Amino acid sequence: AMSALMTMLFEVGDLTMASPATVSRCGMVYLEPNALGYGPLLLSWLDTLPAALDPFKPAIKANFDWLVPVCLRCVERECSQAVALGGLNLCV
């Protein structure tokens, strides 16, 4: 049994089988991962880096912002994938 101090969090890969009513009743906000891009993941990862790397975070982010879109375009145009992956999954 759950105590009054506990909460539950459900995380799903997609909401293909959920109705709009189910989503609204649960108070969910769902965004397709491709709509977000890699930016939120990058910012979240940067927040986990040790404080000693704080001076380098802007440069790390700038390099990601410079290289990742170019690399994703290259994969999209020049490579064949056995399983099609979106940009976010390719970044992970």
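As the structure is a computational prediction, the values presented were derived from the model and not from experiment.
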Intermediate values then yes/no, side-chain contact (heavy atoms from CB on, under 4.5 Å), L49 and I60: CA-CA 11 Å; L49 295 178; I60 293 170; 4.1 Å; yes

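C74 SG to L67 CG: the interatomic distance, rounded to the nearest 0.5 Å, is 12.0 Å. Taking CH2 of W66 as the start and SG of C71 as the end, the distance is 9.0 Å to the nearest 0.5 Å.
With hydrogens and angles ignored, the 3.5 Å screen pairs a side-chain donor or acceptor of K57 with a backbone N or O of L46.
The side-chain contact (heavy atoms from CB on, under 4.5 Å) test with W45 singles out one residue from D47, L41, L43, T48, and that residue is T48.
Side-chain contact between L42 and V68: absent, with no pair of heavy atoms (C-beta onward) separated by less than 4.5 Å.
Pairing each heavy atom of P55 with each of A51, the nearest pair is CD-O, 4.2 Å. The minimum heavy-atom distance between F64 and P69, with the atom names listed, is O-CD, 3.6 Å.
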